[in-house]
Amino acid sequence: MGSVNYLLIDESILPEVYTKVIKAKNLLLSGEADSASAAARMAGISRSAYYKYKDRIFEYNASHDDTTKINAKLQDNAGVLSQVMNELYLAGANVLSVNQSIPVGNIADVSITVRIADSDTTKDSLIEKIKSVSGVKSAKLVKEGM
């Protein structure tokens with residue numbers, strides 16, 4: 001297979017089968033369909049059409065551009081992580097993942113990946129809100145590519 005070239009195209013000009021393949025893929029991802037056959041049927045396409053295009057059609061989601069990772073050091077006290085999560089919620093951030101290490105010397109390293117696409121909060125103000133939580137020893141944004 002030669003080089004791969006991608007195009008960003010308004011879906012309104014595409015044949016309907018392409019958007020139905022995306023719908024079938026989303027049905028599988030969400031668990032609403034338990035097989036490719038069921039997903040194709042629910043999306044209103046043939047199984048062969050699904051298999052023909054499934055590895056070539058992808059949905060573009062611009063909101064991934066607003067995903068950021070926060071590294072923090074939290075004191076090993078009950079409720080500190082919960083308070084951090086509450087600040088993220090109040091800021092309108094969508095928490096995608098949380099990873100916490102076992103505390104060493106009463107401090108736990110926490111990595112939180114959030115999306116702030118639907119929020120008016122900036123990344124810097126989000127960090128400041130997290131730093132203001134009692135028990136947060138440090139918090140910083142992780143630079144892209146690290």
Check against side chain to side chain contact (heavy atoms under 4.5 Å, CB included), Leu14 and Ile9: CA-CA 8 Å; Leu14 294 173; Ile9 301 171; 4.0 Å; yes

Test side chain to side chain contact (heavy atoms under 4.5 Å, CB included) applied to Tyr89 and Asn86, step by step: CA-CA 5 Å; Tyr89 166 76; Asn86 190 54; 4.2 Å; yes

Single-linkage hydrophobic cluster [X]~[Y], side-chain heavy atoms < 4.5 angstrom:
X	Y	answer
Ile13	Ile22	yes
Leu90	Ile112	no
Met42	Tyr53	no
Val21	Leu8	no
Val84	Leu96	no

Thr113 (side chain) donor-acceptor with Ser97 (main chain) under 3.5 angstrom: no

Any Gln100 side-chain heavy atom under 4.5 Å of Leu81 side chain: yes

Side chains of Asn94 and Val114 in contact at under 4.5 Å (non-hydrogen atoms): no

What are the two closest heavy atoms between [X] and [Y], and how far apart are they?
X	Y	result
Ala139	Ile127	O-CG2, 3.7 Å
Ile116	Leu126	CG2-CD2, 3.8 Å
Val80	Val133	O-CG1, 4.3 Å
Val136	Lys131	CG1-CA, 4.1 Å
Ala24	Ala39	O-CB, 3.4 Å
Pro103	Asp76	CG-CG, 3.6 Å

Exercise: do Ser37 and Ser35 side chains pair donor with acceptor under 3.5 Å: no

Modelled atom types, side-chain donor and acceptor of Asp10 and Ser12, under 3.5 Å: yes

How many angstroms lie between [atom1] in [X] and [atom2] in [Y], if you round to the nearest 0.5 Å?
X	Y	atom1	atom2	result
Asn77	Gln83	CG	CD	9.5 Å
Arg115	Thr68	CZ	OG1	12.0 Å
Gln75	Asn106	CD	CG	5.5 Å
Ser82	Leu74	OG	CG	11.5 Å
Lys54	Ile45	NZ	CD1	12.0 Å
Ile102	Asp109	CD1	CG	12.0 Å

Test side chain to side chain contact (heavy atoms under 4.5 Å, CB included) applied to Leu141 and Ile70, step by step: CA-CA 5 Å; Leu141 292 172; Ile70 301 165; 4.1 Å; yes

Step-by-step side chain to side chain contact (heavy atoms under 4.5 Å, CB included) determination, Leu88 to Ile130: CA-CA 8 Å; Leu88 293 170; Ile130 292 170; 3.8 Å; yes

side-chain hydrogen bond (donor to acceptor under 3.5 Å, both in side chains) pairs, two or more places apart, involving residues 22-32: Asn26-Glu59, Ser30-Glu32

Leu29 atom CG, neighbour heavy-atom count above 12 within 6.0 Å: yes

